[in-house]
Amino acid sequence: MKVLQEGVGPLIQPPDLNAFRSWNREKPKAMIDKRMTEAEAIDQFIQDGDYIGTELYGTVRCPQSLVNEIVRQGKKDLRVAGQGVYELDILLGAQVVKALDITYIGMEVYGVSNCLRREVESGRVETCVEWSNAGIAWRFKAAAMGVPFLPVRSMLGSDTLRYSSAKVIECPFTGDLMCLLPALILDVGLIHVHRADKYGNAQIDGITGFSAELARASKRLIVSAEEIVPTEEIRANPEKTIIPYYLVDAVVEAPFGSHPGEMCYIYERDEDQIKEWIEASKTEETTRAYLEKYIFGVRDHAAYRQLVGEKRLADLKAMVPGR
Amino acid sequence: MKVLQEGVGPLIQPPDLNAFRSWNREKPKAMIDKRMTEAEAIDQFIQDGDYIGTELYGTVRCPQSLVNEIVRQGKKDLRVAGQGVYELDILLGAQVVKALDITYIGMEVYGVSNCLRREVESGRVETCVEWSNAGIAWRFKAAAMGVPFLPVRSMLGSDTLRYSSAKVIECPFTGDLMCLLPALILDVGLIHVHRADKYGNAQIDGITGFSAELARASKRLIVSAEEIVPTEEIRANPEKTIIPYYLVDAVVEAPFGSHPGEMCYIYERDEDQIKEWIEASKTEETTRAYLEKYIFGVRDHAAYRQLVGEKRLADLKAMVPGR
Amino acid sequence: MSAQEYNPNELLICTASRLMPDNTTAFIGTGIPMLAASLAQKMHAPNLVAIFEFGGTGAILEDLPLAVGERRTFHRAVAASGILDIVETAQRGFIEYGFLGGAQIDPFGNLNSTVIGDHDKPKVRLPGSGGGNDVGSHCWRTIAIMRHDSRRFIEKVDFITTPGYLAGPGAREEAGLPPDTGPYRVVTTLAVMGYHPESKRMMLLATQPGVTVEEVVENTGFELLMAEEIESSPPPTAEELRILRDEVDRDRYYI
Amino acid sequence: MSAQEYNPNELLICTASRLMPDNTTAFIGTGIPMLAASLAQKMHAPNLVAIFEFGGTGAILEDLPLAVGERRTFHRAVAASGILDIVETAQRGFIEYGFLGGAQIDPFGNLNSTVIGDHDKPKVRLPGSGGGNDVGSHCWRTIAIMRHDSRRFIEKVDFITTPGYLAGPGAREEAGLPPDTGPYRVVTTLAVMGYHPESKRMMLLATQPGVTVEEVVENTGFELLMAEEIESSPPPTAEELRILRDEVDRDRYYI
């Protein structure tokens with residue numbers, strides 16, 4: 001296969017689909033109660049140096065209680081796939097990221113990420129490999145399909161491709177140039193959902209982002225859910241299941257798990273706390289103070305909710321209009 | 001791109017994704033009332049020689065009233081993508097098929113298709129290009145993605161590949177051999193759904209087969225629906241929409257549109273009529289008599305329903321258990 | 001039919017059923033495999049994860065599905081998706097067992113369901129691959145359920161619809177198929193066969209009740225390897241037959 | 001602020017809004033494009049099909065979405081899917097307009113939102129492509145909304161995050177990008193620009209109210225082509241401002 005161009009970016013995680021097959025074969029297919037706390041899930045399934053990914057869009061449906069626990073446990077040298085706003089900013093603020101497959105890390109309308117700037121410009125993040133949003137999602141899709149690459153027409157002609165690890169080839173059917181994206185297999189995927197049963201069958205309301213793809217691209221998958229429901233509720237609406245249980249290693253009950261982000265139909269975004277973070281993230285010192293307050297200073301997600309305050313959380317719920 | 005092996009089968013429909021883009025650009029994006037009868041839809045959108053495809057599984061959710069109308073109007077020389085049971089058998093029985101991208105045409109537990117045998121063994125079907133079920137679905141998926149091929153690990157090493165138009169290459173990331181499937185763009189796609197609005201927004205209950213892929217791989221798309229619903233019903237549950245209106249050219253209200261096939265949660269399969277067809281299909285003469293009775297002998301789908309009989313249709317509905 | 005007697009389909013169903021362990025994934029096709037999976041769930045494998053090609057995962061097979069995409073294939077399932085999600089799940093290595101059939105099989109387990117005779121001028125045009133090739137490419141272990149006679153068990157199939165071990169050891173990997181996959185068992189009304197771990201050729205493991213090794217050999221059109229010890233496959237038990245007749249296929253679609 | 005006065009964001013929103021015809025598809029990103037799309041739906045384009053990256057198609061923008069995946073992006077939508085369905089819809093040619101932004105733009109409309117300085121030792125690390133590269137690769141016509149000064153409008157961007165016309169005529173096609181796609185308009189508080197049909201270089205089409213051609217040139221760090229007739233972009237109308245203030249952004253998130 002003649003390669004006409006290739007990006008100079010390293011493959012931070014090589015796409016070995018045969019090894020992934022063997023891994024998946026060994027995952028238990030039994031219906032096992034996988035409920036545990038954030039602390040147990042992160043301790044058991046994330047190692048220093050792991051390649052991890054979060055699924056979300058902006059601050060919507062972030063697995064934030066899991067990300068907070070990663071920071072709390074002092075996991076480090078993480079390699080991260082990123083499209084992210086607040087949650088990746090927290091990881092960068094905690095200085096636990098070593099390498100990034102990056103598409104977008106920023107604060108949306110609030111502008112650039114101060115933490116990304118500090119970590120990359122200082123060289124503490126050693127590697128940034130560039131992709132587009134769909135590029136990263138397609139890389140998950142390739143892994144989810146069980147193939148080592150997908151051909152797409154994004155990224156062609158750009159420096160985004162030049163600083164990626166994609167390759168350009170000529171289509172053997174049409175002669176069109178295609179950008180080949182290598183499959184991205186995560187060591188650990190983190191997804192927050194509306195509901196899951198204790199085995200890990202998970203359902204999401206509204207748009208689904210790239211949850212199906214990331215879940216299927218993960219060697220280990222930690223699902224947090226606003227609510228744990230009986231399996232019969234899942235079986236009554238199997239069309240809604242976007243993650244079948246056998247993909248899942250841990251199920252964490254996490255009400256307000258996306259806070260300060262939002263969860264559609266359940267609670268709105270906590271704009272005040274987002275603004276507090278934007279301010280805090282401006283210096284290393286204030287960043288540390290923020291992390292101290294919201295992560296190290298609280299034992300777990302229940303304590304975090306207490307710190308944020310029942311009234312404030314109730315207000316965020318009350319802001320949700322009818323459908 | 002070095003090709004290590006290629007199937008000897010012709011590309012019955014070439015994968016020109018740029019032409020497909022231009023076609024899609026011109027499709028109207030306005031919300032237009034697209035309701036019409038089977039006769040109008042088939043007359044307006046299917047030409048002799050067109051490449052068509054139906055979406056279904058076995059006899060489930062067949063666009064049968066549309067297929068019957070194709071036969072009734074004497075469309076001919078069709079090129080067809082097939083995974084099919086009763087509905088492709090009817091097209092073959094009517095001798096209107098010239099070329100097949102074939103994965104499976106048979107009668108499931110009732111065995112081989114007599115019509116397929118007659119048409120292929122006589123040479124009236126001039127071309128059979130072989131694929132697997134997923135192979136055909138992935139070919140639609142490639143077109144739906146807007147790329148000229150997808151890499152997969154099906155078909156490798158087999159004569160199915162040898163008599164396809166797939167190609168084998170070495171993955172430039174891993175060195176693994178991959179089967180490349182060319183995108184399959186239909187001139188006309190036919191899909192039967194549970195509900196649609198008059199613009200073409202369509203929803204399906206239960207499993208969805210390859211409806212999303214085929215709908216997105218069709219230059220023209222005819223949707224028949226058990227029920228036409230107000231758009232507000234669609235907008236109240238946008239997650240359920242598998243076909244957005246702008247893909248659709250015609251919306252046909254067709255209660256019992258899948259008969260003698262079934263429609264999950266609405267009516268069961270008419271086993272007696274399937275058996276009647278199995279018997280009839282054994283000779284050309286009895287095949288013609290069956291087509292005369294159920295297609296040429298009735299003006300339209302309403303007359304067909306009358307022929308089958310209200311009581312029998314009511315019985316098929318009554319056979320559906322609670323969910 | 002009494003509990004002591006049973007018909008050929010009942011024998012095939014019971015034999016296939018026993019090959020499905022609990023808490024395992026199995027790709028279930030139309031016919032015998034559906035009955036076998038339903039029986040397995042009601043006997044030794046209540047948590048057998050039945051996976052159906054067009055989207056059903058983990059259905060509870062209270063009622064017998066009659067076709068691969070009908071509502072019983074996702075009845076109280078844990079997920080109901082579509083064909084590509086399912087086959088990609090297999091391609092990703094999640095599906096352990098897959099069931100296959102065909103008109104012809106060769107010593108390496110290659111299967112033909114496409115044509116008898118030449119492809120372009122066939123003597124008999126058969127249905128084609130369907131999901132067979134996908135199952136045979138991606139599932140870790142495939143089980144073929146066949147009618148057993150010497151016109152079907154032949155040295156060389158007319159057309160390799162679904163890859164077995166192709167030309168022998170290493171051939172699947174050379175063709176690019178996933179490593180460590182391939183044919184596992186062949187179940188017929190005469191015998192249960194496996195494959196020799198080195199030569200990848202079909203090997204007689206057990207005879208069905210009342211069948212002799214000679215009968216098996218006679219009905220096989222190629223040289224069948226013999227396991228060191230040829231077992232006698234136990235007949236369907238009274239319990240299996242009761243569940244099969246009273247619960248699995250109450251309406252006698254198949255039995 | 002009275003109906004006669006307006007702030008820079010209001011000007012950008014109204015100008016961008018008028019570029020969206022009725023019954024057209026537009027890929028809508030966070031910020032100004034959301035307000036512009038909402039305003040367009042309430043003014044001249046009630047059937048503008050707003051498409052949001054993470055899955056919303058055809059939402060009714062009664063309430064202003066604040067981010068690209070939040071509930072208002074699929075409020076009473078015709079479909080709610082996921083990112084790949086949306087970007088594949090664009091890749092398949094269904095999306096006419098796409099909105100872009102960036103820290104730098106060059107005469108061919110190439111955009112940088114990745115780094116200032118060298119990629120591996122950046123002076124400023126910016127957020128990265130996000131959906132920008134996808135929009136700029138697949139949509140038929142892209143509209144960039146920019147702050148207008150000579151440090152942003154420069155001869156050569158530090159990094160081509162999102163392809164404009166790359167090195168000029170034919171370069172997109174040579175790179176494999178879909179034919180007939182590319183930059184269409186640049187909207188700033190100073191001007192509206194297009195591209196010369198042959199040279200594909202940026203060309204001044206209209207100045208914003210009260211802005212002179214000289215001011216535009218002064219704030220552009222490369223030679224700007226001039227349309228034969230430079231128009232005056234009309235100021236926001238009282239009706240536009242009323243709807244923008246009373247309906248689109250009642251809570252003054254942006255204006």
Side-chain angles (χ1 to χ4, degrees), chain A residues 1 15-32 140-148 150 183 185 196-204 208 211-213 215-219 221 229-248, chain C residues 20-27 41 45-52 54-62 71-98 134 137-141 172-173 176-182 184:
Chain A
M1 182 132 159
D16 184 345
L17 272 298
N18 287 334
F20 192 40
R21 276 183 61 90
S22 298
W23 176 278
N24 290 336
R25 184 183 197 181
E26 296 308 321
K27 284 193 91 153
K29 309 303 181 302
M31 301 277 244
I32 299 161
F140 290 139
K141 176 67 184 174
M145 290 177 66
V147 295
L150 276 180
I185 300 166
D197 69 8
K198 63 185 174 186
Y199 308 120
N201 292 300
Q203 302 185 336
I204 289 170
T208 52
S211 52
E213 293 81 9
R216 286 157 178 74
S218 298
K219 288 170 71 178
L221 182 62
V229 299
T231 296
E232 272 317 304
E233 196 171 313
I234 301 287
R235 291 192 184 273
N237 288 290
E239 302 110 306
K240 290 264 321 168
T241 304
I242 194 141
I243 303 173
Y245 74 95
Y246 57 78
L247 299 171
V248 177
Chain C
M20 299 189 212
D22 202 13
N23 294 314
T24 318
T25 45
F27 199 115
Q41 278 194 355
N47 301 303
L48 173 72
V49 187
I51 296 182
F52 293 94
F54 288 93
T57 295
I60 295 180
L61 303 172
E62 284 162 0
R71 64 176 170 78
R72 297 174 190 89
T73 64
F74 52 92
H75 173 66
R76 294 178 61 217
V78 295
S81 56
I83 178 174
L84 290 185
D85 182 49
I86 296 300
V87 180
E88 290 164 8
T89 296
Q91 191 163 249
R92 218 162 63 241
F94 269 104
I95 308 185
E96 188 65 27
Y97 293 96
D134 302 310
S137 297
H138 305 301
C139 293
W140 290 99
R141 297 169 163 185
R172 281 179 72 90
E173 289 76 7
L177 289 164
D180 299 324
T181 55
Y184 172 67

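In the text below, chain A, chain B and the rest are named by the order of the sequence lines, each starting its count at 1. Since the structure is predicted, the reported quantities are computational estimates derived from the model, not experimental observations.
The candidate with the highest count of non-hydrogen atom pairs below 4.5 Å against chain C, out of A/Phe20, A/Tyr199, A/Tyr246, is A/Tyr246. Counting heavy-atom pairs closer than 4.5 Å to chain A, the top-ranked of the candidates C/Thr181, C/Asp180, C/Asp85 is C/Asp85. Note on C/Ala79, C/Ser81, C/Gly56, C/Pro179: by heavy-atom pairs under 4.5 Å with chain A, the leading option is C/Ala79.
Taking every heavy atom of both residues into account, C/Val78 and A/Thr241 meet most closely at O-OG1, 2.6 Å. Shown here for A/Pro238 and C/Ala77, the closest heavy-atom pair between the two residues is CB-O, 3.4 Å. Here the shortest heavy-atom pairing between A/Lys141 and C/Glu88 reads NZ-OE1, 3.2 Å.
Contacts between C/Val49 and chain A at a heavy-atom distance below 4.5 Å involve the side chain alone, from C-beta outward. Looking at A/Lys240, neither its backbone nor its side chain comes within 4.5 Å of chain C, counting heavy atoms on both sides. Heavy-atom distances place the side chain of A/Tyr245, and not its backbone, under 4.5 Å from chain C. For A/Ala143, the part lying near chain C is the backbone, with the side chain staying farther off; criterion is any non-hydrogen pair under 4.5 Å. Residue A/Leu17 does not touch chain C at all, counting heavy-atom pairs closer than 4.5 Å. Only the side chain of A/Glu232 comes within contact range of chain C, judged by heavy atoms closer than 4.5 Å. Residue A/Ser22 touches chain C through both its backbone and its side chain, counting heavy-atom pairs closer than 4.5 Å.
Rounding to the nearest 0.5 angstrom, the gap separating the CG atom in C/Leu84 from the CE atom in A/Met145 is 7.0 Å. The line from OG1 of C/Thr89 to CG of A/Leu247 is 7.0 Å long, rounded to the nearest 0.5 Å. One distance of note links CG of A/Asn201 with OG1 of C/Thr57; it measures 9.5 Å at 0.5 Å rounding.
Inter-residue side-chain proximity for C/Phe94 and A/Lys27 is flagged as met; some heavy-atom pair is nearer than 4.5 Å.
Taking A/Arg25 as the reference, C/Glu96, C/Trp140, C/Arg141 meet the side chain to side chain contact (heavy atoms under 4.5 Å, CB included) condition, with sequence neighbours excluded. Under the rule for a ring-ring contact (aromatic ring centres under 6.0 Å, His included), C/Phe27 has no partner lying at least two apart in sequence or in another chain.
With A/Arg21 contributing its side chain and C/Ala90 its backbone, the two residues share a donor-acceptor pair below 3.5 Å. Between the side chain of C/Arg76 and the backbone N or O of A/Arg235, no donor-acceptor pair lies under 3.5 Å. Using modelled atom types, one side-chain atom of C/Arg92 and one backbone atom of A/Arg216 make a donor-acceptor pair closer than 3.5 Å.
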